[in-house]
K.L.:
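One structure, pasted below without further comment.
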Protein chains: 2
Amino acid sequence: MKKKLQISDIAKQLNVSITTVSFILNGKAKEKRISDDLTARVLKLVEEVGYRPNQLAQSLRTGKTKTIGLMVEDISNPFFANIARLIEERAHKEGYKIVYCSTEDDTERTKELISMFRDMHVDGYIITPPEGVEEDIKKLIADGFPVVLADRQVAGVDAHCVIVDNLLGAYNATTHLIERGYQRIAFITIDSKQSQMVQRLEGYTKALEENDLEAVVLEVPYRYDAKQMIQSITSFLEERKNIDAVLFATNYVAVRGLEEISQISPADAPAKLGLVSYDDHDVFKFFKPTVTAVAQPTEAIANHVINLMLNLLGQKNSTLKAETIILPTSLVVRNSSLHKTKV
Amino acid sequence: MKKKLQISDIAKQLNVSITTVSFILNGKAKEKRISDDLTARVLKLVEEVGYRPNQLAQSLRTGKTKTIGLMVEDISNPFFANIARLIEERAHKEGYKIVYCSTEDDTERTKELISMFRDMHVDGYIITPPEGVEEDIKKLIADGFPVVLADRQVAGVDAHCVIVDNLLGAYNATTHLIERGYQRIAFITIDSKQSQMVQRLEGYTKALEENDLEAVVLEVPYRYDAKQMIQSITSFLEERKNIDAVLFATNYVAVRGLEEISQISPADAPAKLGLVSYDDHDVFKFFKPTVTAVAQPTEAIANHVINLMLNLLGQKNSTLKAETIILPTSLVVRNSSLHKTKV
DNA sequence: TTGAAAGCGCTAACAT
DNA sequence: ATGTTAGCGCTTTCAA
């Protein structure tokens, strides 16, 4: 076990004080008017012997860990995985580490994770909040921590936030289906009061109302496992044979729905049933027919989130006024939403 | 900003010394024969005021962070995402935090991540190593850190390791295709010398040799993006029209391959071409025909990995003899590998 | 049974 | 321009 070097070892070898080394290492050489020569020698030795400051000591002393906590709903969902990857990349470039985890949209779990992050002394929090964590987030903000919410808002919490125009996205998707001749369009979503879900429902409803069509909504409990979800969707569709199109509120519900749909009647069901899903997904490119999706601008979301966070982190007091950034979605038209009669 | 409580605040309020509180908090009350009454009072106050010890200070003092570093190839690949989730769950129960990240099989990136983990003072390392990190891992072990390798071995490194029987898995998959009447079976893999890939190739080759069939291998550069990969697979298949089955060495190559195959001739190509992929994937259930896969026992892998790690962590000296655990795979037979003539 | 005090390795105010 | 030194908040030895 190679003994860990300390700053005192460096200082001793060069016959200078610890302070001097510390200043140089922290880029304060100029400011403290330390000779260029000495600065160079210190840096050279540090490099040679591979000295690395003890981060724990640094953090204990400065109160900063250079770490950002990132909590997404589910890191194995490509939508969140992508955003996480992009955020991490930027953060690293700026000298921040990211520690991330999945909330699984579980209130208790999320509270624990927030508490864990506090214990770890992360410098900032990026969160896709489930329901029921309003108070915890308010507390975070009240305690002066930089907080950026992503993907969804939290009512009554004045936090920086990056979301997409969910209402418009769902509205456009629905309108698209109507334009292609579909008339009995169902909306299959989960039983969540999260802002993004509520807004999608509103967009769907609005489009139908404008066209004097009737809304048919199935809310599947979020906690249902794959099998239960499929079952639920099955009986819903069974009982409403006249439905001619489905808009799924989110990709994982759509994936379950597709499993179901491809089983009912592998050959012709997809042909008869119009399909659109919120959130794109790899599977959609493989399904027959390929599935139309409301794609979210993951890159833009990630960029705005990390920019906001870095700004807050740069601030002395995180007193910037809370800013909500709303990004547009785009409709990726594939084969599952062609004109009804054309199929 | 609520002021953070310290251990001294607790001590003061109860008129006892810091030491006493510390002992009690660390479960040494009995050992130090502190009165049950006092113990109870301290615990009660701690609970009431919500005191939480400063982990940074604790770690600095004890040299332990109760954190395990987990580096997988790609956290957004369901295979790794699953393993990571299971490991994290167990680790939490044992009081450990997991900080994870993706190596993307990039040597330099991995070295940096190892170095980052060292800086963070993680207590143990779980790694799916890319090529070229032998020395870094040896160093970790030499320096006395608990290290567990997963999914692949590293030649010349005597580390604890959990893998599957890749040779047998590929052998069985190939034999399965042969039994169903396929004769010109290609193996599409990536140009990696990682143990698991080499072993899969060996299994494929062995099965062919035993049946006097000829091996036809395409090695796609790992660095290729989706488009390049597809292109590479396209020309390979174009030039070898007589191929009647393909064994993909890993799921993401298979996904690219399927994109290609479904495009060449959406209708009949899949029917004529036998398909099996190493690693299961959601997409395989949706493809027409559904794709046969060599499934890895993710749960067992995760369990063995975390058990090994916890054992090492419990040890005073990590001098346990390095142990390699080899788990069996299973063949999930779907429609893409039915008997050739039956299709 | 409990307490005083010495660090863990670093930063930065203060002194020179 | 560089050095001395007091902590950051905790654990643990040694003493009482």
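In what follows, chains carry the letters A, B, and so on, assigned in the order in which the sequence lines appear, proteins first and then strands, with residues in each chain numbered from 1.
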K.L.:
How long is the line joining NZ of A/Lys30 and P of D/dT2, in whole Å?
P.N.:
12 Å

K.L.:
For atom CD of B/Glu48, is the number of surrounding heavy atoms from other residues, nucleotides or ligands below 6.0 Å larger than 12?
P.N.:
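Yes.
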
K.L.:
When all nucleic acid strands are considered with a 4.0 Å heavy-atom cut-off, which category describes B/Ser35: base, sugar-phosphate, or nothing?
P.N.:
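If one applies the 4.0 Å heavy-atom cut-off, B/Ser35 turns out to touch the sugar-phosphate alone, with no base involved.
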
K.L.:
Mind listing the closest non-hydrogen atom pair of A/Glu299 and A/Leu86 along with its distance?
P.N.:
CA-CD1, 3.6 Å

K.L.:
Do B/Asp74 and B/Ser76 get their side chains close enough for a donor-acceptor pair, meaning under 3.5 Å?
P.N.:
yes

K.L.:
If I take atom CG in residue B/Asp36 and atom C1' in nucleotide C/dT1, what distance separates them, rounded to the nearest angstrom?
P.N.:
12 Å

K.L.:
Within the pair A/Ser17 and D/dG3, is there a side-chain N or O less than 4.0 Å away from OP1 or OP2?
P.N.:
yes

K.L.:
Round to the nearest Å and state the distance from B/Asn15 atom CG to C/dG3 atom P.
P.N.:
9 Å

K.L.:
Are a donor atom and an acceptor atom from the side chains of B/Ser22 and B/Thr19 found within less than 3.5 Å of each other?
P.N.:
no

K.L.:
Separation of B/Lys12 atom NZ from D/dG9 atom P, in whole Å?
P.N.:
12 Å

K.L.:
Please name the residue in the list B/Arg118, B/Arg109, B/Lys111 that meets the salt bridge (charged side-chain N to carboxylate O under 4.0 Å, His left out) test with B/Asp136.
P.N.:
B/Lys111

K.L.:
With a cut-off of less than 4.0 Å, is there a side-chain N or O of B/Thr20 near OP1 or OP2 of C/dT2?
P.N.:
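Result: no.
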
K.L.:
Whole angstroms only, please: what is the CG-P distance between B/Asp9 and D/dC8?
P.N.:
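Whole-Å distance recorded here is 12 Å.
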
K.L.:
Determine the minimum heavy-atom distance between A/Gln6 and A/Tyr51, stating which atoms define it.
P.N.:
C-CE1, 3.5 Å

K.L.:
Pairs of donor and acceptor atoms involving the side chains of residues 87-101 of chain A, under 3.5 Å and at least two apart or interchain, shall be tabulated with distances.
P.N.:
residue, atom, partner, partner atom, Å
A/Arg90, NH1, A/Asn307, OD1, 3.0
A/Arg90, NH2, A/Asn307, OD1, 3.0
A/Lys97, NZ, A/Thr65, O, 3.4

K.L.:
Which of these, B/Asp151, B/Val148, B/Ile114, sits in a side-chain contact (heavy atoms from CB on, under 4.5 Å) with B/Ile127?
P.N.:
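When side-chain contact (heavy atoms from CB on, under 4.5 Å) is applied between B/Ile127 and each of B/Asp151, B/Val148, B/Ile114, only B/Ile114 qualifies.
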
K.L.:
Note the angle between the end axes of the helix from C/dT1-D/dA16 to C/dT16-D/dA1, five pairs defining each, rounded to 10 degrees.
P.N.:
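Roughly 40° between the end axes, to the nearest 10°.
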
K.L.:
Using atom CD1 of B/Ile34 as one end and atom P of D/dT12 as the other, report the distance to the nearest whole Å.
P.N.:
13 Å

K.L.:
If I take atom CD1 in residue B/Ile24 and atom P in nucleotide C/dT2, what distance separates them, rounded to the nearest angstrom?
P.N.:
8 Å

K.L.:
Assign the ring pair B/Tyr125 / B/Phe117 to parallel, tilted or perpendicular, where the plane angle (0 to 90°) is split at 30° and 60°.
P.N.:
tilted

K.L.:
Quick one, give me the B/S/- string for nucleotides 8-15 of chain C, reading 5' to 3', where B means a protein heavy atom under 4.0 Å from the base and S means that only happens at the primed atoms, P, OP1 or OP2.
P.N.:
BBBBBB--

